[in-house]
A.B. asks: 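Let me give you the structure first, and then I'll get to my questions.
By convention here, the first residue in the shown sequence is residue 1. What you see below is based on every heavy atom in this structure, not just the backbone, and it leaves out hydrogens, waters and symmetry mates. None of these values were measured; they are calculated from a predicted model. Just so you know, ligand 1 is whichever comes first in the structure, and atom 1 is the first atom listed for that ligand.
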Amino acid sequence: MSRFLSKKHASLVPYVPGEQPRDMQYVKLNTNESPYPPSPAVIAAAAAEAGRMNLYCDPECTELRKKAAALYGVRPENILPVNGSDEILYLAFLAFGDEDHPIAFPDISYGFYPVYADLLHIPAHVVPLKKDLSIDPADYRGLNETIVLANPNAPTGRALSPEEVESIVASDPDRVVVIDEAYIDFGGVSCVPLIEKYENLLVTQTFSKSRSLAGGRLGFGIGCESLIRDLTTLKYSVNPYNVNRMTQAAGCAAIDDNDYYMENARTIIETREYTARALEELGFTVLPSKANFLFAESPAISGADLYAALKQRGVLVRHFAKDRIDNFTRITVGTREQMDILLDNIRAILNDKGGSPA
Ligand SMILES: *Cc1c(COP(=O)(O)O)cnc(C)c1O
């Protein structure tokens, strides 16, 4: 730490992204990216915009908002495009939390929530998941606090129904509920239609997972017009040109090619179920997932050991050295070929340990 850093950041512990090692070619199943490339039209649209990089991009994202509104069945005034959904989460914490207004979220969820709370000096009300690692909606009803829930949750993959979410949103009309739908296209049911009914609901989505644009950085906040106006005021106070030219064009083309991405999502769901069954046959307990990853544990090997053994064999997965989930491994669902490589390596690792039923 330099002697210049403001004291208010002295104890800040930053978010730790999944590793992106360059020492060798890994089968990369650790950051929930899509294994499928962007569609050819998306690549062409981004490339065409590259020649205009000397000019600022449209700060209002006019075209993109129009197209995204049609995609989500809302009006352009209900949408704020952002630089990955991390940015809309940041803006939401900035907008709705302060020292007197805590933000509640589960003990096991997306690692950015506590970081933003810490950064912005918002008291965090950390609510434990149930024993089966599911969210109990009753814990959040009538809390009188801003609430952030990932649905489906990460890294568990478990989802709430829109009825369960609605019971939370309706229970406290004076506080905002943020529903982070980063993984919604893999089998969950979106709460976007509820924004018509509840002005205290903000839904966030991203093109990083189901639409193969993790490196392009594109997300959306979706909510009633006044909520979006507040968040837009903050965006213009932080970074008006938050979604760059290439990404705006890529996002528009991705929406035009929505069928391609939904087909990929269906394939990933099939591959997920195939992989879950295979892991169960190997003795793993696998949480029921509505996301593009699986969260699994084996009685035969610890989460840390499995992570290390897989990495040595060229397969990257994610392990969280955290209470209650220390024995689990989070595995991104890739192509069927990638999952077969994963499964072959797990079989070999379990055989080496001599404790495997395979
Ligand atoms: C990946 C992820 C995000 C953020 O993704 P962006 O790349 O910033 O759009 C947000 N929430 C959860 C739960 C995620 O897993």
A.B. asks: For ligand 1, which atoms, with element, lie under 4.0 Å from some heavy atom of G84?
C.D. replies: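 So the answer, numbered in order with elements, is 8 (O), 9 (O).
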
A.B. asks: For atom 5 (O) of ligand 1, find the nearest protein heavy atom and state the residue, atom name and distance (0.1 Å precision).
C.D. replies: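 Ranked first by proximity to atom 5 (O) of ligand 1 is S85 OG, 3.5 Å.
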
A.B. asks: Any cation-pi pair here, R330 with F295, using under 6.0 Å and within 45°?
C.D. replies: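 Judged by the rule (NZ or CZ under 6.0 Å from the ring centre, within 45° of its axis), R330 is not positioned above F295.
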
A.B. asks: Do R336's NZ or CZ and the ring of Y274 fall within the cation-pi criteria of under 6.0 Å and 45°?
C.D. replies: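 Cation-pi check for R336 and Y274: passes.
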
A.B. asks: For ligand 1, which part of S208 has a heavy atom less than 4.0 Å away: the side chain, the backbone, both, or neither?
C.D. replies: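 For S208, the contact with ligand 1 is made by the side chain alone.
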
A.B. asks: Any ion pair linking R211 and D185 (charged N to carboxylate O, less than 4.0 Å)?
C.D. replies: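 Looking at D185 and R211, the cut-off is met.
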
A.B. asks: Which option wins on minimum heavy-atom distance to atom 2 (C) of ligand 1: K209, R217, Q205?
C.D. replies: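 Answer by nearest heavy atom: K209.
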
A.B. asks: For ligand 1, is any non-hydrogen atom under 4.0 Å from Y183's backbone (N, CA, C, O), its side chain (CB onward), both, or neither?
C.D. replies: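 Side chain only.
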
A.B. asks: Applying side chain to side chain contact (heavy atoms under 4.5 Å, CB included) to I222 and T204, what does each step give before you reach the verdict?
C.D. replies: CA-CA 6 Å; I222 308 167; T204 69; over 6 Å; no

A.B. asks: Regarding K197 and E166, does a basic nitrogen lie under 4.0 Å from an acidic carboxylate oxygen?
C.D. replies: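 A salt bridge links K197 with E166.
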
A.B. asks: Between the candidates T206, V82, D86, I88, which shows the shortest non-hydrogen contact distance to atom 9 (O) of ligand 1?
C.D. replies: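 Among T206, V82, D86, I88, the closest heavy atom to atom 9 (O) of ligand 1 comes from T206.
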
A.B. asks: Could you name the option among N153, L149, N32, D180 that has the heavy atom nearest to atom 12 (C) of ligand 1?
C.D. replies: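 Shortest heavy-atom distance from atom 12 (C) of ligand 1: D180.
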
A.B. asks: Which of parallel (below 30°), tilted (30 to 60°) and perpendicular (above 60°) describes Y113 and F93?
C.D. replies: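 Rings of Y113 and F93: parallel, under 30°.
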
